[in-house]
Every structure is written in structure tokens, then in C-alpha cells.
Number of protein chains: 2
Amino acid sequence: MTATLTHTEENYLKAIYKANEKTKEAVSTNMIAQYMNTSPASVTDMMKKLSTKGLIIYERYKGSRLSSEGSKSATSVIRKHRLWETFLVQKLGFSWEKVHDIAEELEHIHSEELINRLDDYLGFPKYDPHGDPIPSADGKFTLREQIIVSQLNIGEVGVLVGVKNHETSFLDHLNKCHISLGTSIAILDKSSFDKSLQVHIDNDHQILLTHEVSKNLLVRKS
Amino acid sequence: MTATLTHTEENYLKAIYKANEKTKEAVSTNMIAQYMNTSPASVTDMMKKLSTKGLIIYERYKGSRLSSEGSKSATSVIRKHRLWETFLVQKLGFSWEKVHDIAEELEHIHSEELINRLDDYLGFPKYDPHGDPIPSADGKFTLREQIIVSQLNIGEVGVLVGVKNHETSFLDHLNKCHISLGTSIAILDKSSFDKSLQVHIDNDHQILLTHEVSKNLLVRKS
DNA sequence: ATATATTTTTAGATAAGTCTAAATATTTAT
DNA sequence: ATAAATATTTAGACTTATCTAAAAATATAT
Ligand SMILES: [Mn+2]
Ligand SMILES: [Mn+2]
Ligand SMILES: [Mn+2]
Ligand SMILES: [Mn+2]
């Protein structure tokens, strides 16, 4: 059991896991194709393969769900991804916008002993540099109270605990705004027209957050 | 230029590099097949491909040599392998017999920034956990005076600085003999019949080293 | 120098992962 | 309830890396 999977199989399982986090239902072929940046035809091929291997439950025209075996594999890949990102930032001094792409490669290194030693070396971190929870060796996530920053009311203050987008361009934009994990964001005004937010950053400077930006900011109300 | 190579291409280049270290001549198809654990037919296919890409100089029936471009790539992979091994031992506490296989995967992570930061993090080590020299970012190796332990005469003493075999089984054997890098080995007797060596380890205990073992031990005369 | 042995290449297949275009099923809108 | 739109699957092809078996070239030994 737990035969070694290819990078590609692992990436598909991760895609199904992430897509399912949102929809909570069986994930459509098209949605997986979008996540994987491939054609729907390729997805169908792979769904048959993963289904045969017992990693997903797949029904023609009905979509796919992870089996418990598949879920375990997906969680393990996510654990590796997030631990490596944490290593890159905390030990090697990378900035948070640089680490995702490298971790996309590192997450496929198979040794479990390696990742468990890394976890130990990092002090068993609960969250990665983007605020995403890191599953423990037995697959448990540490959840946390968090809301999208736009759910705060005028006058309320939140502390940034996570971002929902890992793209370099997005994180670079936050860097320019002097926003990082731990930054306090106070709501000064909310536009009902374009959903933009006027905010006070770290009691230091005022800026306007477009909806495009604010919908990716997760805060803890403070 | 320096297009990204596949894991397989990198492994072939490394094999040619290592084979050439011994023979110093163009490397035969069969020799590469042995190193790579594949069929000679597969090697021929790959030689054509690497030749087309300008990474090797290949002549039908005459063997292959690395081009300067190919040599650069091979050296870069070796650098990654040895730095990762050093990380695994020095930071994560792995024993030297466990790290080779994991490094075989890690050596294919492509980011140059990653490996240069890792090098810095490790303090720019010159040798890996098996005593092999680690090429610097510009591809230079730090060489050292070393001989095979059997070249010592009776009464002479050497300090182990490297091993020529990275297999877990071999290193495990050394562990059992309490031999590791830095261990002193004094020659008590040499058998001309089976080339075995009677030695004194760390002025502590006496053992017999078979030729199979001693031919893989590199020492600095002391 | 000729036969034999060895090495290397070619030919033809296979498996994984991908694609486009065509066929089919499902969903949505009238 | 039908037609139109959308989603999904199938068919057929391509690429990479591998294999075995057969053919060709080179090296070795008599
Ligand atoms: Mn990431
Ligand atoms: Mn992350
Ligand atoms: Mn090694
Ligand atoms: Mn080594």
C-alpha cells in the first residue's frame, strides 16, 4: 500500500483537494482542468487512472472525490509544500513571494523521514508564510478564526493572518503596500459602488484596497 | 541558453561526468548503461538527444564526452547533490548512510537562488558528508591530498577523509566498525594473499579490513 | 587475415502524459 | 418538452523514456 505516486498524480490529487475545499461537492472535470492548466480530455484520462488506483471516486459525467487514501496523499503533499515554504522563509531568508514556485518542486520529494525531521527542525510550525495551516504528521490541521477583511465593519480593526492568493504578483503588491502577516488593518470606509476599502495600515499610513486585493486578505478581528 | 533539463537528462550528464572522472576518455555507451542501470539501446537514444542539444560530443561507436555546456550542468547537479547531503546531515541530523538516496531526488530542484542560499546557510562547506568536494557556485572544486588506505605502509597512520562508495550497506558496515570521517587508521599488517589490512582504529581497537572495504577508503597521511 | 566475440546501433513496442477534434451526455432556457 | 448551450468523454496522435530482439560495426584471437 501507499505506492509511490508520480509528480503528476500528486498534483492532480492536490488540485482535487483544493477544489473540493471550496465546492464541498464532487469536483467537475472542467474545474480540475482549470486548476491543472490542462485540457478536460487529459483530466478524464487521469481520473480513470486515479480511480483504478483507488485514490478517487470517479463517476462518468458526475465528477471526482478523493477516497480516504487519496485524501491522505493530498494532505501529505500539502504538508510538504507548506513546510518547505516555511523553511525557505525562516531558514534561508526568502521573501514570501518567492517560495511558492520552489515549493511546487520540493513538495514531490518523497521521504517521510525527511519531512518529519524538517518539521521538527522548524519547531512544528502550525502555519506557513502565507498563513495557511500546516497539517501535522497525522494529517490534522489547526484551524483558526478568520474572516475576509471586507467582512469587518467601519471602525473595526483586524490583523492579517493569511492570504488566499500565492502569486508573486499579488504578494509583491502587498509588499509595496507594506502589508504582511501580522499587519493591522483598520477599516476607515467601505465603498458600496466598487467594494473598495479605505484602510489604515499599522496605525501608520492610509491606503485604498480594491476588491481584487481585499477579497484575498484573511484577518483575525482584534 | 541553459534551458531547463529533465531529471533524466541531468542524471545522464552526471553519469558521463563520473564515468569520465575515471577513464579520462570518451565514455562508452555500455559504461553509461551500467551507471544508469538501463539498456545500451536507451543510452544511444539519449546520446543522440543530448548531442542535438549541444550538451555532449557524441560519435557513433566512439562514445561520448561532455561539452563545456554539459559539463557545467553536470557540475551544477553534483553541487546540488552534495550541498543537500550536507544539509541533511548537519541540520536535520541524518546519518551519512541515509542521505544519498534523498539527495538523488533533491539534486533536481532547479532554483539556483535556492542552492546558493543553502550554500550560504551551511557556511560554504568544501566537502560533503562522504568527503566529496562540493563545487562552488562558479564550478570550482577544492582538491586535497588523499590516497587509498591500502597505499599506506605498515606502521603508517592515515585519517579518513572520504569514501568512494555511497551505498547504505557499505556505510552501515563502516558504522559497525566505528569508522567515520576523521577516524584514524594505523596499518599494523598487510596480507599479500587477499590484500586485507590489519588496522588499529582511533588507537582504540583492532580490526581486519577486506580489500572490498579498504579500496573505498580515502585517507590523508598523518 | 579471418573467424569469433563484443559493443553499439537500429527497428519496433510500450507506458505516461499530453493535445485537438469529434461524439455524446447533461444542463439550461425557451 | 424541445432546442440550444455547456460539459464531458472518446478517438486518434504526439513526445519522452524505456524495453527487447535483430542488424551492423568494431575489437580480439587464432
Ligand atoms: Mn504555496
Ligand atoms: Mn503557502
Ligand atoms: Mn551521494
Ligand atoms: Mn556524498
Side-chain angles (χ1 to χ4, degrees), chain A residues 3-16 19-20 22-66 70 73-74 77 104-105 107-108 110, chain B residues 3-16 19-20 22-66 70 73-74 77 104-105 107-108 110:
Chain A
T4 304
L5 305 177
T6 66
H7 294 195
T8 310
E9 291 169 333
E10 290 185 338
N11 283 333
Y12 272 99
L13 292 176
K14 200 175 54 154
I16 296 170
N20 177 255
K22 307 206 170 172
T23 65
K24 285 297 189 179
E25 293 170 28
V27 183
S28 75
T29 296
N30 260 10
M31 174 149 276
I32 298 167
Q34 259 195 281
Y35 267 82
M36 290 297 295
N37 229 290
T38 55
S39 70
S42 299
V43 174
T44 300
D45 287 345
M46 184 55 85
M47 293 308 103
K48 288 177 184 165
K49 187 182 167 197
L50 294 176
S51 179
T52 301
K53 288 198 176 189
L55 294 160
I56 64 172
I57 293 94
Y58 163 68
E59 274 186 277
R60 274 159 73 257
Y61 292 103
K62 295 292 180 69
S64 306
R65 295 178 300 110
L66 293 173
S73 294
V77 175
E104 285 294 321
E105 291 190 62
E107 71 189 4
H108 302 295
H110 286 115
Chain B
T4 305
L5 305 176
T6 65
H7 294 196
T8 310
E9 290 168 334
E10 290 186 339
N11 283 334
Y12 272 98
L13 292 176
K14 200 175 51 153
I16 296 170
N20 177 255
K22 308 206 170 174
T23 65
K24 286 294 187 180
E25 293 171 28
V27 183
S28 75
T29 296
N30 259 12
M31 173 149 276
I32 298 168
Q34 260 194 281
Y35 267 80
M36 291 295 296
N37 230 289
T38 54
S39 71
S42 301
V43 174
T44 299
D45 287 346
M46 183 57 84
M47 293 308 102
K48 288 177 185 166
K49 186 181 168 197
L50 293 176
S51 179
T52 301
K53 288 198 177 191
L55 294 160
I56 64 172
I57 293 93
Y58 163 68
E59 273 187 276
R60 275 159 73 256
Y61 294 103
K62 295 292 181 68
S64 307
R65 296 179 299 113
L66 293 174
S73 294
V77 175
E104 284 294 320
E105 290 190 62
E107 72 189 4
H108 302 294
H110 287 116

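Every chain is numbered from 1, with letters handed out A, B, ... down the list of sequences.
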Show the numbers, then the answer: is there a side-chain contact (heavy atoms from CB on, under 4.5 Å) between B/Y12 and B/T38? CA-CA 11 Å; B/Y12 272 98; B/T38 54; 3.7 Å; yes
Exercise for review: Please test A/I16 against A/M47 for side-chain contact (heavy atoms from CB on, under 4.5 Å), starting from the C-alpha separation and ending with a verdict.
Suggested key: CA-CA 10 Å; A/I16 296 170; A/M47 293 308 103; 4.0 Å; yes
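D/dT16 atom P lies 12 Å from atom CG of B/L50, rounded to whole Å. Nucleotide C/dA15 holds its P atom 16 Å from the NZ atom of A/K48, rounded to whole Å. With rounding to whole Å, B/D45 atom CG is found 13 Å from C/dT14 atom C1'. Residue A/E59 contributes atom CD, which lies 16 Å from atom P of C/dA25 at whole-angstrom precision.
A close approach under 4.0 Å does occur between a side-chain nitrogen or oxygen of A/T44 and OP1 or OP2 of D/dT9.
In this structure, B/H108 and B/E104 approach most closely via the heavy-atom pair CD2-O, 3.0 Å. Nearest heavy-atom pair, B/L5 versus B/L13, reported as atom, atom and distance to 0.1 Å: CD1-CD1, 3.6 Å. For the pair B/A15 and B/Y35, the tightest heavy-atom approach, listed with the atom from each and the gap, is CB-CB, 3.9 Å.
Aromatic ring pairs are classed by plane angle as parallel below 30°, tilted from 30° to 60° and perpendicular above 60°; the pair B/H7 and A/H7 is perpendicular.
Listed nucleotides: C/dA11, C/dT20, C/dT18. Nearest to the side chain of B/A41: C/dA11.
Checked against ring-ring contact (aromatic ring centres under 6.0 Å, His included), A/H110 has no partners two or more places apart in sequence or in another chain. Every side chain to side chain donor-acceptor pair (under 3.5 Å) that B/S39 has, sequence neighbours left out, goes to B/S42.
Contacts between residues 26-39 of chain A and DNA chain D, counted as heavy-atom distances below 4.0 Å, involve A/S28, A/T29, A/N30. Within residues 5-13 of chain B, no residue has any heavy atom closer than 4.0 Å to DNA chain C.
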Given protein heavy atoms under 4.0 Å, the one-letter contact record of nucleotides 24-29 of chain D, with B base, S sugar-phosphate only and - none, is simply BSS---
Quiz: residues 53-66 of chain A side-chain donor-acceptor pairs under 3.5 angstrom, not counting sequence neighbours:
from, atom 1, to, atom 2, distance (Å)
A/K53, NZ, A/E9, OE1, 3.4
A/K53, NZ, A/E9, OE2, 2.8

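Using a distance-only test at 3.5 Å, with no hydrogens or angles considered, no donor-acceptor pair links the side chain of A/N20 to the main chain of A/A26.
Using a 4.5 Å cut-off on side-chain heavy atoms (C-beta onward), B/M36 and B/M46 make no contact.
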